[in-house]
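Just so we're clear, the structure is a prediction, and the values are computed from it rather than from any experiment. Only this structure's heavy atoms are used, side chains among them; waters, hydrogens and symmetry mates stay out.
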Amino acid sequence: MNDQKNSNDGKPRVAIIGAGTMGNGIAQVCALAGRQVILVDISDNALERGIATLSGNLERQVKKGLIDEADRQAALGRIQPQTHYGALAGSELVIEAASENLELKRQILTLIEEATESDALIASNTSSLSISELASVLGKPERFIGLHFFNPVPVMTLVEVIRGLQTAEATYAKALAFAGQIGKTAISVRNSPGFVVNRILCPMINEAIFVLQEGLASAEDIDTGMRLGCNHPIGPLALADLIGLDTLLAILETFHRDFGDPKYRPSTLLKEMVAAGYLGRKSGRGFHSYT
């Protein structure tokens with residue numbers, strides 16, 4: 001690494017595109033791990049919301065005794081909100097954490113490549129889209145990889161590291177090392193729709209929605225049944241609300257399209273709720289109410 005790419009404490013700079021739920025969570029974890037973080041979004045309002053969420057999460061960590069006030073202040077001081085891609089220059093790693101939309105992500109990745117040095121790693125936090133397909137828009141696809149964090153990022157320790165067909169071995173090694181450096185446990189996954197965790201999880205949640213749609217039990221009883229009967233820490237419908245029903249629908253539609261298997265078809269109730277704007281926690285209403 002050259003000096004331009006390193007912060008004053010010797011830890012290379014990380015940039016994150018998207019200050020939403022996943023982006024601000026990744027920024028928080030990186031900043032607590034001592035990284036200088038550039039957090040990019042399209043507007044000052046989006047950045048302000050992201051920083052406010054991040055700051056509130058840090059305050060909760062202080063109250064729980066997980067970090068102290070000095071840690072909180074230091075982490076916030078390491079995060080630089082920006083609205084332009086020119087701020088990415090000098091970053092060792094750029095993580096795209098935008099909405100789960102293929103064309104949007106392809107556009108963002110093109111802009112990232114234009115703004116970064118040729119040896120910077122580029123990663124996507126996609127939860128279902130093909131890493132090989134995303135990499136195809138880049139002039140140097142060998143430096144691209146999937147880094148799939150889980151929500152809420154500060155709490156969930158897992159990161160799926162997904163190699164596309166074009167991903168270089170050196171890129172993979174650096175991505176694994178990065179995950180460990182920020183306190184995450186990485187698993188290696190071959191490129192396939194939904195990778196490992198969501199490939200198993202999302203159809204299970206979708207089946208719970210079918211059960212609700214068919215009137216077999218209430219949302220509360222379905223969640224209680226899976227918590228107490230399967231020892232899950234959270235019920236599938238509450239988890240859907242946490243993930244975001246629009247995100248869940250996008251993942252299932254990707255599965256249905258790419259696998260061509262009717263077992264992945266999204267439930268009618270899920271599609272109707274997304275159409276109504278009932279997206280879960282982020283909208284205040286999903287399968288449960290969050291007022």
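- Between Leu134 and Leu102 the shortest side-chain heavy-atom distance falls below 4.5 Å.
- Using the six-membered ring where Trp is involved, Phe150 and His148 have ring planes that are tilted, between 30° and 60° apart.
- For Asp261, the CG atom is densely surrounded, since the number of other residues' heavy atoms within 6.0 Å is greater than 12.
- Using a 3.5 Å distance cut-off with no hydrogens or angles, the side chains of Asp223 and His288 do pair a donor with an acceptor.
- Ion pairing between a basic and an acidic side chain is recognised when a charged N comes within 4.0 Å of a carboxylate O; Lys174 and Glu92 show no such pairing.
- Enclosure of atom CG in Leu66 by more than 12 non-hydrogen atoms of other residues, nucleotides or ligands within 6.0 angstrom is indicated.
- The side-chain contact (heavy atoms from CB on, under 4.5 Å) test with Val161 singles out one residue from Leu176, Ile187, Thr167, Val189, and that residue is Leu176.
- With 3.5 Å as the limit, one finds a donor-acceptor pair spanning the side chains of Ser188 and Tyr172.
- Looking at Asp246 and Lys282, a side-chain N of the basic residue comes within less than 4.0 Å of a carboxylate O on the acidic one, giving a salt bridge.
- At distances below 3.5 Å, at least one donor-acceptor pair connects side-chain atoms of Lys105 with backbone N or O atoms of Ala98.
- When every heavy atom of Leu39 is checked against every heavy atom of Ala27, the shortest pair comes out as CD1-CB, 4.3 Å.
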| query | Do Ser124 and Glu96 pass the side chain to side chain donor-acceptor pair (under 3.5 Å) test, and can you show the C-alpha distance, the side-chain angles, and the key distance before you say yes or no? | reply | CA-CA 5 Å; Ser124 175; Glu96 170 275 312; 2.5 Å; yes

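- The side-chain heavy atoms of Lys184 and Val153, taken from C-beta on, include a pair separated by under 4.5 Å.
- Between Gln73 and Glu69, the side chains place a donor N or O and an acceptor N or O closer than 3.5 Å (distance only, hydrogens not considered).
- Heavy atoms of other residues, nucleotides or ligands lying less than 6.0 angstrom from CD of Gln181 number more than 12.
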